[in-house]
Amino acid sequence: MTKEDILRLRDTAEQTRVQFKERVTRDNKYDVSCEMVAQSNSRGGMIVVGIDDKTGRINPLSFVEVQETTNLLGSMASEGVVPQILLDIENVQMEGGVIVVATVKQGRNKPYRDSKGIVWVKQGADKRKVFDNAELIAMLMENGQMHPDSMPVNGTSIKDLDENTLRDYLLNRFRSDFERQQLSITELRHRSLEEIADVLSQTPEGILKNNGLVMEDGTLTVAALMLMGRYPQRWLPAFTVRCVSFVGNSIGGTEFRDKSGNDADGNAVHLYNYIISFLTRNLRKKQVEKDFNSQGELEVSIASLSEIVTNGILHRSYVIEAPLRVFIFDNRIEIHSPGLLPEGVSMESIKHGASVPRNKLLFNHGINLLPYTGAGSGITRALKFTPDIKFVNDETLNEFIVTVERRNVGEIDVKNDRDSDRDDREDKDREDRDKTLENSNLENNQDAKRDREDRDDVIEMQHISYKSLSGVQKDVIQFCSIPRSAREILEHIGYAYNSTNIANQIKPLLEHGFIEMTEPEKPNSKNQKYRKVRK
């Protein structure tokens, strides 16, 4: 650090990470040690000795004062901060003496306390005491001493889980075990939970206990309740989703295109589906073919949106009692996830696939219910599909914000609800007319698809590998990690629900073995769904 650096610090005055002290003496050493505690519990900082914090006047230290000050700072770091910290002390030569700069690093063993056992954190240029248990838990969580998703939720039991979601979890989690026993997953979906667990020689509760999702006394963890709960918000009311589509570009706007009266609730699967549905119905569609009547693609890659939404649900802080917020503006999309990036994770590292899960249970077991690989590459894939994604670690709001820019794609805005209802009726009429022609036109459809080789979302009818699939096709496969109906699949990728789009978007993946029917013996069943084939 140079003389010019000191002058620049003085000119910007005290701030969150910079504190001035004209002198450090035995009379004010407790206050200085409290400042060290606050900086250690926050994002680190510097204590600059030799500058008056009231006037900004520089009053350098003499040689003797420098020795006394460095000794005092060292003793305060080891005796006035619990557990003790290490200081980086630098002496900067100024006119008339020396300025002492003590750099305090962000602590890795939070929460730190002063000699009286009080926890301090920074609040602007000042500091404050911490009494809230939630803040203390957040500190323990930051250094890996506690994971909030593993905390028990008093008053809950396995009866509070959604049976269908729990069944999907078990079948996906132990798919390889069932396949080794040559048992049909499709047939098992019609069995009770007890029958499925019998195949594994355990009770459903025992399985969840062995996987850390249920406590020994039968109480559910936050992870179990959020992943599979029938109504998690009964116990965890703040962990919801709030979605708003604004007219204009200001969060303070009073005009809305789409705004639900209440926050969306339900387990992680329901929240994911709710957000994706909100995004797909409020974003524009762009025409990718010359045919005026062709279905458009979303202006933002659905694969990117899926990755960002999944990350928001799995990696948000479950200590901060606030909803996950999704905003659509005319020029951008913002997803506000409560909590900052975990300790040791930077903006650059997440772009290159760094994975330090804040919620280990949710992360490890959510893969059996939500569409992600679990390899920590979600953000990397999102950037591949949509390079213009910005990340902000907002310390003021205590949020991690993902912003996706919207482009002028020259498309028709998403239809309103009445238009959608009308389209649904027209789609149904068209579907009835198309049914009789469907089989006879199949070969023609296949030929037409071969003629459109430049389309990313259509598969050539020949033997193909997963790597050769388009981003949309891979997204459909991941989306079907949970069984999905044809309507859900098409809405997920921004297509109207009709037989033509079923033939073009779903059947090729079905025929090439990437997805399978849940009821293959009843292909036209109204309850028919499609799921990812795990190879």
Side-chain angles (χ1 to χ4, degrees), residues 243 245-246 249 251 272 275-289 295-316 324-337 340-342 345-357 370-394 397 399-414 453-458 466-479 492-495 505:
C243 297
S245 178
F246 291 90
N249 297 315
I251 197 171
Y272 171 86
I275 298 173
I276 292 298
S277 176
F278 168 79
L279 291 170
T280 53
R281 74 172 178 263
N282 282 288
L283 295 178
R284 303 185 190 97
K285 296 181 176 64
K286 61 182 180 180
Q287 188 173 322
V288 292
E289 295 183 59
Q295 293 296 324
E297 288 184 350
L298 281 182
E299 59 183 286
V300 178
S301 165
I302 191 66
S304 294
L305 294 174
S306 178
E307 294 289 357
I308 295 168
V309 171
T310 301
N311 269 277
I313 293 171
L314 292 175
H315 297 303
R316 62 153 290 168
L324 179 71
R325 300 185 295 163
V326 180
F327 299 140
I328 297 179
F329 301 93
D330 288 351
N331 65 353
R332 68 192 187 281
I333 304 162
E334 289 184 357
I335 297 179
H336 294 240
S337 182
L340 302 174
L341 287 175
V345 181
S346 67
M347 302 293 238
E348 285 304 313
S349 66
I350 63 171
K351 295 178 183 179
H352 295 92
S355 179
V356 181
L370 294 171
Y372 70 100
T373 63
S377 56
I379 294 298
T380 304
R381 281 197 304 279
L383 287 168
K384 178 181 178 182
F385 293 118
T386 309
D388 298 328
I389 300 177
K390 298 177 182 177
F391 306 98
V392 175
N393 211 30
D394 194 317
L397 296 176
E399 290 182 330
F400 181 68
I401 304 171
V402 180
T403 302
V404 183
E405 299 296 326
R406 300 180 67 186
R407 304 291 186 185
N408 283 326
V409 294
E411 299 303 325
I412 300 173
D413 285 338
V414 179
E453 292 179 345
D454 58 321
R455 285 185 57 187
D456 285 339
D457 56 347
V458 178
Y466 180 81
K467 289 183 179 180
S468 67
L469 298 180
S470 70
V472 172
Q473 292 163 341
K474 292 177 181 178
D475 179 47
V476 169
I477 294 171
Q478 290 301 318
F479 184 63
H492 177 69
I493 58 176
Y495 283 77
Q505 308 302 326

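Keep in mind the model is a prediction, meaning the values are calculated, not measured.
With sequence neighbours left out, S337 forms a side chain to side chain donor-acceptor pair (under 3.5 Å) with no residue at all. Under the salt bridge (charged side-chain N to carboxylate O under 4.0 Å, His left out) criterion, R325 pairs with E399, sequence neighbours left out. Shown here are the salt bridge (charged side-chain N to carboxylate O under 4.0 Å, His left out) partners of D330, two or more places apart in sequence or in another chain: R257.
Remark: the backbone N or O of F327 is not paired with any side-chain donor or acceptor of R332 at under 3.5 angstrom. Remark: side-chain polar atoms of R406 are not paired, donor with acceptor, to backbone N or O of I333 under 3.5 angstrom.
To the nearest 0.5 Å, the span separating CD1 on I302 from OG1 on T280 amounts to 6.0 Å. To the nearest 0.5 Å, the span separating OG1 on T310 from CG on L370 amounts to 5.5 Å. Distance NE2/H315 to CG/L341: 10.5 Å, rounded to 0.5 Å. Rounded to the nearest 0.5 Å, atoms CD (E307) and OG (S301) are 9.0 Å apart. F246 contributes atom CZ, which lies 5.5 Å from atom CD1 of I251 (distance to the nearest 0.5 angstrom).
Here the rule is side chain to side chain contact (heavy atoms under 4.5 Å, CB included) with I335, and of I275, L305, I308 only I308 fits it.
Residues V402 and F391 come closest through the heavy atom pair CG2-CD2, 3.9 Å. Heavy-atom minimum distance, L469 versus K474: O-CE, 3.5 Å. Shown here for R316 and L324, the closest heavy-atom pair between the two residues is NH1-N, 3.8 Å. Smallest separation of non-hydrogen atoms from F278 and S245: CZ-N, 3.6 Å. Taking all atoms of both residues into account, the shortest heavy-atom contact from E405 to V300 is O-CG2, 4.5 Å.
F329 is not listed as a side-chain neighbour of T403, based on a closest heavy-atom distance of 4.5 Å or more. Counting heavy atoms from C-beta on, the side chains of Q505 and I493 come closer than 4.5 Å.
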Show the numbers, then the answer: is there a side-chain contact (heavy atoms from CB on, under 4.5 Å) between L279 and V309?
CA-CA 10 Å; L279 291 170; V309 171; 4.0 Å; yes

